[in-house]
Amino acid sequence: MHVTLRQLTVFESVARNLSFTQAAEELFLSQPAVSMQIKQLEQNLEVMLLDRVGKRTYLTESGREVKATCKRITHLLNELETVLDNLKNLKAGKLHLTVASTANYFLPAILAVFKQRLPQISIALNVTNRKNLLEALDDNDVDLVIMGQPPEDRDLEAGVFALNPLVIVANSDHELAAQSRVPLQRLKDEIFLVREQGSGTRIAMERFFHEQGIRMKTGMVADSNEAIKQSVAAGLGLGLLSHDTLAMELQLNYLTILDVIDMPIIRKWHIVHRAGKRLSRSAAVFKDFLLDEGETILGGPDRFASQT
Ligand code: PGA
């Protein structure tokens, strides 16, 4: 069998995106160049890998087999990169982090200190929600993940590095903004703006209201913390968000944390990877750094004390 790694890389991208155009964009190639690589791969393997019906692209049964093999090859190559990275000087390593969208707000401050210490390590950051993080962990597509509470039904190694209080916020003109010790029951008449299904923040919020026996009224659903904050500020409802997302709005007095009895919900930030995963040296060093110094860099566990 004569196939090249290039052909397999191009096929993997087409098969994952089910689109020649997207694969071309991802690989910085022209669309004819992508088509040519696929055609040559099909000729070399003497099978059809893709079907085109109208404008849509489908994988044939052989295509699905080749896609699965491409994935295994990619993992082996990544492992090889890790091993070689470990043999080389740490300073030239790569750190690939995948983080929950909410972690996006505080992580840059931590990365800035890490980068000062080890400037040669190149860092790649992917930001997505909890559901996608868990799928990526299942598929062994990620090295290190930063998320809220990791699930217990998976074989993961997780360490806590910082607190993550979730608070209820309102537009600063809201009638509850000036009140203290608001009973939770009072909130059942309010509209809550909620994150998308699959968000860790949303899961924690639903669980909390369920445990407290309160049926919350939900208004708009939005798939980003920014959209929730803007909508709360515009008076569309209340939001329940990680305190870590609010630094700027609180400073500008744009949003107010409501003083609600039994709030905040205290969650914790975890650094997570698959149990037994061979981490690159740069990933292992970053993990230790985060566990040892993460909370301090963010201002210590008391950093929320005056506002929650
Ligand atoms: P989210 O994650 O950004 O998906 O809400 C935060 C979390 O896991 O707590």
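In each ligand, atom 1 is the first atom listed, and ligand 1 is the first ligand listed.
Using modelled atom types, one finds a donor on one side chain and an acceptor on the other under 3.5 Å when comparing N225 with T102.
Remark: minimum distance from atom 2 (O) of ligand 1 to any protein heavy atom is reached at A100 CB, 3.5 Å. Protein heavy atom closest to atom 5 (O) of ligand 1, with residue, atom name and distance, is T201 OG1, 2.7 Å.
When each of R195, R202, Q197, E196 is tested with N129 by the rule side-chain hydrogen bond (donor to acceptor under 3.5 Å, both in side chains), just one qualifies, namely E196. Here the rule is side-chain contact (heavy atoms from CB on, under 4.5 Å) with F208, and of L184, I203, I214, L166 only L184 fits it.
At least one N or O atom of R130 sits closer than 3.5 Å to an N or O atom of ligand 1. For ligand 1, one of its N or O atoms has an N or O atom of S199 under 3.5 Å away. Between G200 and ligand 1, at least one pair of N/O atoms sits closer than 3.5 Å.
Atom CE of M248 is surrounded by 12 or fewer heavy atoms from other residues, nucleotides or ligands within 6.0 Å.
The main-chain N or O of L49 is found under 3.5 Å from a side-chain atom of T60 such that the two form a donor-acceptor pair.
Heavy-atom proximity to R195, at under 4.0 Å, picks out these atoms of ligand 1: 1 (P), 3 (O), 4 (O), 5 (O). For ligand 1, the atoms lying closer than 4.0 Å to a non-hydrogen atom of G148 are 7 (C), 8 (O), 9 (O). In the vicinity of N129, heavy-atom distances shorter than 4.0 Å reach the ligand 1 atoms 4 (O).
Within the set R267, R202, Q149, E196, the minimum heavy-atom distance to atom 7 (C) of ligand 1 is found for R267.
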| Are K268 and E295 close enough, and set up right, to give a salt bridge (Lys or Arg N to Asp or Glu O under 4.0 Å), and what steps lead you there? | CA-CA 11 Å; K268 291 178 179 145; E295 179 108 80; over 6 Å; no
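Nearest heavy atom pair, residue V127 against residue S101, reads CG1-CA, 3.5 Å.
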